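Report on the structure given below.
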Amino acid sequence: KILSCPQRAAFCYKHGGLMEDLLRVGVITSPHGIAGEVKVYPTTDDPMRFKNLKECILKSNREMLNLHVAGVKFQKNLVILKFKEFNNINEVEKYRQAELYVTRENAVKLEEGEYFICDLIGLKVIDEFGKTIGELTDVIQTGANDVYEVTTPERKKYLFPVIKECILNVDLDEGVVTVHIMKGLLDL
């Protein structure tokens with residue numbers, strides 16, 4: 001099972017020179033009311049994770065800010081956040097389309113066999129006999145099961161369903177995904 005961290009488009013953001021992984025959890029769409037609240041489009045698989053969010057990092061074109069969450073509400077498919085640092089609409093207006101990140105220590109805890117998409121992108125993909133197939137370049141979330149897009153050195157793309165019969169092992173420490181090539185999978 002895969003949990004999208006910062007949504008597939010952004011994946012992980014390398015913060016400053018420290019190369020600290022930040023995981024995107026949302027994007028501010030607009031202010032909400034006049035008291036400094038913002039509407040946030042969640043880019044995480046579990047918007048309820050905001051209930052336990054204490055702090056996050058706002059990244060806009062101009063700056064990065066550490067923010068402390070003072071309140072959380074839900075409205076349709078959006079999350080409404082109130083930050084301790086902002087008290088009126090004028091302070092938050094400039095942060096439309098700003099991204100919200102969490103550090104790995106503030107990220108949701110993963111179960112065994114769960115991965116953030118950002119940790120999978122770029123992994124080497126080999127078959128069960130050790131032959132290199134290519135690099136994992138995307139994770140497509142279909143609803144039924146996820147699909148790994150693997151790009152060969154020749155720029156050919158293959159799709160591997162994330163099912164136990166096909167994905168044999170994911171080793172983040174080694175940077176390798178081991179797959180079983182099911183009949184017809186490489187026939188394009």
Side-chain angles (χ1 to χ4, degrees), residues 1-28 40-47 49-50 53 55-61 64 66 97-188:
K1 182 177 178 186
I2 298 168
L3 295 179
S4 64
C5 55
Q7 193 180 20
R8 291 193 346 254
F11 299 115
C12 294
Y13 174 77
K14 303 299 185 183
H15 174 37
L18 303 174
M19 299 304 283
E20 175 185 10
D21 282 348
L22 298 176
L23 307 174
R24 189 173 77 174
V25 294
V27 176
I28 295 175
V40 175
Y41 178 78
T43 57
T44 174
D45 286 350
D46 182 14
R49 66 125 27 245
F50 285 93
L53 187 64
E55 58 186 73
C56 63
I57 297 165
L58 179 145
K59 180 186 176 296
S60 71
N61 290 339
M64 288 185 76
N66 288 317
Q97 301 308 307
E99 298 173 324
L100 298 176
Y101 290 85
V102 296
T103 60
R104 283 201 182 259
E105 68 186 31
N106 289 324
V108 294
K109 303 301 178 228
L110 299 177
E111 302 286 328
E112 185 174 335
E114 291 183 329
Y115 308 95
F116 290 117
I117 290 175
C118 60
D119 292 333
L120 297 171
I121 301 299
L123 294 182
K124 178 180 178 181
V125 178
I126 62 172
D127 69 15
E128 59 205 304
F129 306 107
K131 180 182 174 200
T132 298
I133 298 168
E135 179 181 312
L136 199 152
T137 51
D138 197 4
V139 177
I140 302 163
Q141 296 178 298
T142 65
N145 58 268
D146 294 327
V147 176
Y148 290 169
E149 177 187 82
V150 177
T151 304
T152 68
E154 299 79 33
R155 308 306 303 156
K156 203 169 191 182
K157 294 184 186 296
Y158 294 110
L159 301 176
F160 288 82
V162 181
I163 56 176
K164 64 182 177 183
E165 296 83 13
C166 189
I167 306 301
L168 303 178
N169 188 46
V170 175
D171 188 334
L172 295 179
D173 293 331
E174 293 295 321
V176 174
V177 176
T178 305
V179 299
H180 168 72
I181 301 174
M182 299 168 73
K183 185 175 181 171
L185 196 66
L186 300 182
D187 298 338
L188 290 178

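In this chain, residues are counted from 1 in sequence order. No experiment lies behind these values; they were computed from the predicted model shown.
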Check: [Y] and [X] side chains under 4.5 Å, non-hydrogen atoms:
| X | Y | value |
| --- | --- | --- |
| F116 | V108 | yes |
| N66 | E55 | no |
| M182 | I163 | yes |
| E99 | T43 | no |
| D138 | K157 | no |
| L186 | F160 | yes |
| V139 | V162 | no |
| V125 | Y148 | no |

Do you know which two heavy atoms are closest between [X] and [Y], and how far apart they sit?
| X | Y | result |
| --- | --- | --- |
| C166 | P161 | CB-O, 3.5 Å |
| R104 | C118 | NH2-SG, 3.9 Å |
| K109 | E105 | NZ-O, 3.3 Å |

Quick one, L172 with L120, criterion side chain to side chain contact (heavy atoms under 4.5 Å, CB included). Give me CA distance, side-chain angles, the key distance, then yes/no.
CA-CA 8 Å; L172 295 179; L120 297 171; 4.3 Å; yes
Test log, rule side chain to side chain contact (heavy atoms under 4.5 Å, CB included), inputs Y158 and L185:
CA-CA 8 Å; Y158 294 110; L185 196 66; 5.9 Å; no
Interatomic distance, [X] atom [atom1] to [Y] atom [atom2] [nearest 0.5 angstrom]:
| X | Y | atom1 | atom2 | result |
| --- | --- | --- | --- | --- |
| T44 | R24 | OG1 | CZ | 11.0 Å |
| I126 | K131 | CD1 | NZ | 12.0 Å |
| L53 | N106 | CG | CG | 7.0 Å |
| D146 | Q141 | CG | CD | 5.0 Å |
| I117 | L23 | CD1 | CG | 11.0 Å |
| L168 | T178 | CG | OG1 | 6.5 Å |

Using side chain to side chain contact (heavy atoms under 4.5 Å, CB included), reason through K59 and L22 one step at a time and then give a plain yes or no.
CA-CA 11 Å; K59 180 186 176 296; L22 298 176; over 6 Å; no
Answer yes or no: is there a donor N or O on one side and an acceptor on the other, between the side chain of T137 and the main chain of E149, under 3.5 Å?
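Yes; at least one donor-acceptor contact below 3.5 Å.
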Is the count of non-hydrogen atoms from other residues, nucleotides or ligands lying under 6.0 Å from E128 atom CD greater than 12?
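Above 12, so yes.
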Just to verify, which of V150, V170, D171 counts as forming a side-chain contact (heavy atoms from CB on, under 4.5 Å) with L123?
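For L123, the side-chain contact (heavy atoms from CB on, under 4.5 Å) check succeeds only for V170.
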